[in-house]
Amino acid sequence: MQAKMSRRTLLAAAAATLAFATAGGAQAQEVIKIGYSGPLSGGAALYGKNVLSGMEMAAAEINAKPLQIGGKNYKVEIVALDDKYNPAETGINVQRLVQQHKTAAVLVPHSGGVFAVQGMNEKANLLLLAYTSLPQVTERGNKLTIRIPPDFTGYIAPFTKAMMTRFGKNVAMVQADHDYAKAWSAAFKPVWEGAGGKIVAENPMSYNKATDFYSGVSRAIQAKPDVLFIGGASEPTALVAKQARELGFKGGFIVLDQAKLDEMAKVMGGIAPLEGAIGVMPLANDNRPEAVAFVERYRKLNPGKDPSTEISLNYSTVHATVAAMKLAGTTTDATAIRAQMEKAFTTLPAMYNPNDIDGLDSKGGTIANTILGTVEGGKIKGQFLRALNAGK
């Protein structure tokens, strides 16, 4: 009887040990938290949700395979907070992400918010992933900032040449009034005027707070422009273009790279009302193999929806950030992770790099051969930015 009791006790102890070991194994998988602060409500909500969609797609792919860094098992979690496109809210959110969630890196998809975070990220040892093509973001010398899209100033000369050639030299500026649009307009004006053009009206509008732009657009059209300079998030930018057409405007549109032609077309009832527009080529129209494959994967996960460039670029950035952590052997040392971001981007497998990012420049901005899109004859036609800037 005593022997049986001993065996039972031994079996019970073994079962308890196994349960503890199993629980310990589950707990051994630690979490890498990558933060996000961007607009998830208001006029720019679609834009912010697209950015987040790309990040979450990358996290799901990473978590589908074993991930080891420094001998430990990890999974990736995206922690998202809504800042309503308000830089003051961004600063508060990022402090919360750092203090409460211990985020290793934070992605912010608007320049005002990026600048707010740059006031504290180096001191907080926080890697800032800045989704804005504003060159000042990396020119300020912040050593822990990565600028995700290429510098927007490379678009301005090709945009100017194309619009002047096709429509004429008079432009009315009715872009959004947030920091990014202000920077775009400040860089655009001297190039347009230097090419012999004239700015016949300037009427920036609050794209994120309004849906009726008739009065502002009407004032601009009264100046008889050949071209309208427009841009902010896709939905309100589309409303500006739509209302311009309804008011009889027949000219072309220069579309800031934040807005996407394919998303605008959905709001406007098709691509035809955007005839004569120039902007960044929609990813769904990009015929590079990696882009085609990414679009197919995204559509399977999101039936009826095409991925935008903000989805794909931020998808690639999450993959590159985790790759940099593996190279650095740490998930917490932002300086070490930042030092590996160049190698992480250049060695990123093609399937994770649909925009063909070549790497980083010396200041931390991505380098890529962006394709521009022009609407001609009811179709979007593409041209490589490097070829256009080389005069080819």
Evaluate side-chain contact (heavy atoms from CB on, under 4.5 Å) for Val171 paired with Asp226, printing each intermediate quantity in order.
CA-CA 6 Å; Val171 65; Asp226 304 306; over 6 Å; no
Between Ser111 and Asp179, does the side chain to side chain donor-acceptor pair (under 3.5 Å) criterion hold? Intermediate values first, please.
CA-CA 6 Å; Ser111 57; Asp179 289 344; 5.2 Å; no
Close side-chain approach of [X] to [Y], heavy-atom, < 4.5 Å:
X: Tyr36; Y: Val79; answer: no
X: Val292; Y: Val295; answer: no
X: Thr346; Y: Asp358; answer: no
X: Tyr207; Y: His178; answer: no
X: Asn170; Y: Lys224; answer: no

Identify, with sequence neighbours excluded, every residue that meets side chain to side chain donor-acceptor pair (under 3.5 Å) alongside Tyr180.
Ser133, Trp184, Asp257
Who pairs with Phe249 by ring-ring contact (aromatic ring centres under 6.0 Å, His included), at least two apart in sequence or on another chain?
Phe253
Got a salt bridge between Asp306 and Arg299, using NZ or NE/NH1/NH2 to carboxylate O under 4.0 Å?
yes
Looking at Lys363 and Asp361, does any basic side-chain N land under 4.0 Å from a carboxylate oxygen?
no
[atom2] on [Y] to [atom1] on [X], rounded to 0.5 Å:
X: Ile357; Y: Ser316; atom1: CD1; atom2: OG; answer: 5.0 Å
X: Thr103; Y: Leu97; atom1: OG1; atom2: CG; answer: 5.0 Å
X: Leu283; Y: Glu290; atom1: CG; atom2: CD; answer: 11.0 Å
X: Gln136; Y: Asn142; atom1: CD; atom2: CG; answer: 14.0 Å
X: Ile230; Y: Ile254; atom1: CD1; atom2: CD1; answer: 9.5 Å
X: Glu139; Y: Thr145; atom1: CD; atom2: OG1; answer: 12.5 Å

Apply side chain to side chain donor-acceptor pair (under 3.5 Å) to Asn73 and Gln68, showing your working.
CA-CA 5 Å; Asn73 297 321; Gln68 273 204 343; 3.0 Å; yes
Steps toward side-chain contact (heavy atoms from CB on, under 4.5 Å) verdict (Val318, Met55):
CA-CA 6 Å; Val318 170; Met55 296 177 70; 3.9 Å; yes
Take His319 and Ile62 through the side-chain contact (heavy atoms from CB on, under 4.5 Å) test and state the conclusion after the steps.
CA-CA 7 Å; His319 272 290; Ile62 294 167; 3.7 Å; yes
Quick check: are there more than 12 heavy atoms from other residues, nucleotides or ligands sitting under 6.0 Å from NZ of Lys305?
yes
Is it the case that more than 12 heavy atoms not belonging to Lys33 sit under 6.0 Å from its NZ atom?
yes
Taking [X] for its side chain and [Y] for its backbone only, find out whether a donor-acceptor pair lies under 3.5 Å.
X: Asp286; Y: Ala291; value: no
X: Arg219; Y: Tyr214; value: no
X: Asn353; Y: Pro349; value: no
X: Thr138; Y: Gly365; value: no
X: Asn121; Y: Leu126; value: yes
X: Glu30; Y: Lys75; value: no
X: Trp192; Y: Ala157; value: no
X: Gln243; Y: Phe213; value: yes

Can you name the closest pair of heavy atoms from Val76 and Ala59 and give their distance?
CG1-CB, 4.0 Å
Working note: Thr160 + Phe188, criterion side-chain contact (heavy atoms from CB on, under 4.5 Å); need CA distance, chi angles, decisive distance, verdict.
CA-CA 9 Å; Thr160 296; Phe188 170 78; 3.8 Å; yes
The side-chain contact (heavy atoms from CB on, under 4.5 Å) partner of Leu128 among Leu107, Val114, Val94, Leu144 is Val114
Just grab all the ring-ring contact (aromatic ring centres under 6.0 Å, His included) pairs involving residues 268-304, residues at least two apart or on different chains.
Phe294-Tyr315
Suppose the criterion is ring-ring contact (aromatic ring centres under 6.0 Å, His included): which pairs have a residue in residues 95-116, not counting sequence neighbours?
Tyr85-His110
Joint hydrophobic cluster, [X] plus [Y], side-chain heavy atoms closer than 4.5 Å:
X: Val98; Y: Ile92; answer: no
X: Leu239; Y: Leu46; answer: no
X: Leu348; Y: Ile367; answer: no
X: Phe384; Y: Leu261; answer: yes
X: Val200; Y: Val240; answer: no

Criterion salt bridge (Lys or Arg N to Asp or Glu O under 4.0 Å) on Glu246 and Lys242, from CA distance to verdict
CA-CA 6 Å; Glu246 290 169 353; Lys242 182 174 185 289; 2.7 Å; yes
Checking salt bridge (Lys or Arg N to Asp or Glu O under 4.0 Å) for the pair Lys381/Glu376: CA distance, chi angles, key distance, verdict?
CA-CA 7 Å; Lys381 298 182 178 181; Glu376 300 177 33; 3.8 Å; yes
For the pair Asp262 and Lys260, evaluate salt bridge (Lys or Arg N to Asp or Glu O under 4.0 Å) and give the outcome as yes or no after the intermediate values.
CA-CA 6 Å; Asp262 53 343; Lys260 306 300 182 289; over 6 Å; no
Could you walk me through whether Gln383 and Thr374 satisfy the side chain to side chain donor-acceptor pair (under 3.5 Å) test, starting with their C-alpha distance in whole Å, then the side-chain angles of each, then the deciding distance to 0.1 Å, before giving a yes or no?
CA-CA 8 Å; Gln383 290 181 288; Thr374 57; 5.1 Å; no
Do you see a donor-acceptor pair shorter than 3.5 Å between the side chains of Thr330 and Asp333?
no
Just checking, is any N or O donor in the side chain of Asp83 or Ser37 under 3.5 Å from an acceptor N or O on the other one?
yes
Quick one: salt bridge (charged side-chain N to carboxylate O under 4.0 Å, His left out) pairs with a partner in residues 35-59, sequence neighbours left out?
none
Side-chain polar contacts of residues 263-275 - donor-acceptor pairs under 3.5 angstrom, sequence neighbours left out - could you list them?
residue: Glu263; atom: OE1; partner: Ser234; partner atom: OG; Å: 2.8
residue: Glu263; atom: OE2; partner: Asn50; partner atom: ND2; Å: 2.6
residue: Glu275; atom: OE1; partner: Gly377; partner atom: N; Å: 3.1
residue: Glu275; atom: OE1; partner: Gly378; partner atom: N; Å: 3.0
residue: Glu275; atom: OE2; partner: Arg166; partner atom: NH2; Å: 2.7
residue: Glu275; atom: OE2; partner: Gly377; partner atom: N; Å: 2.8

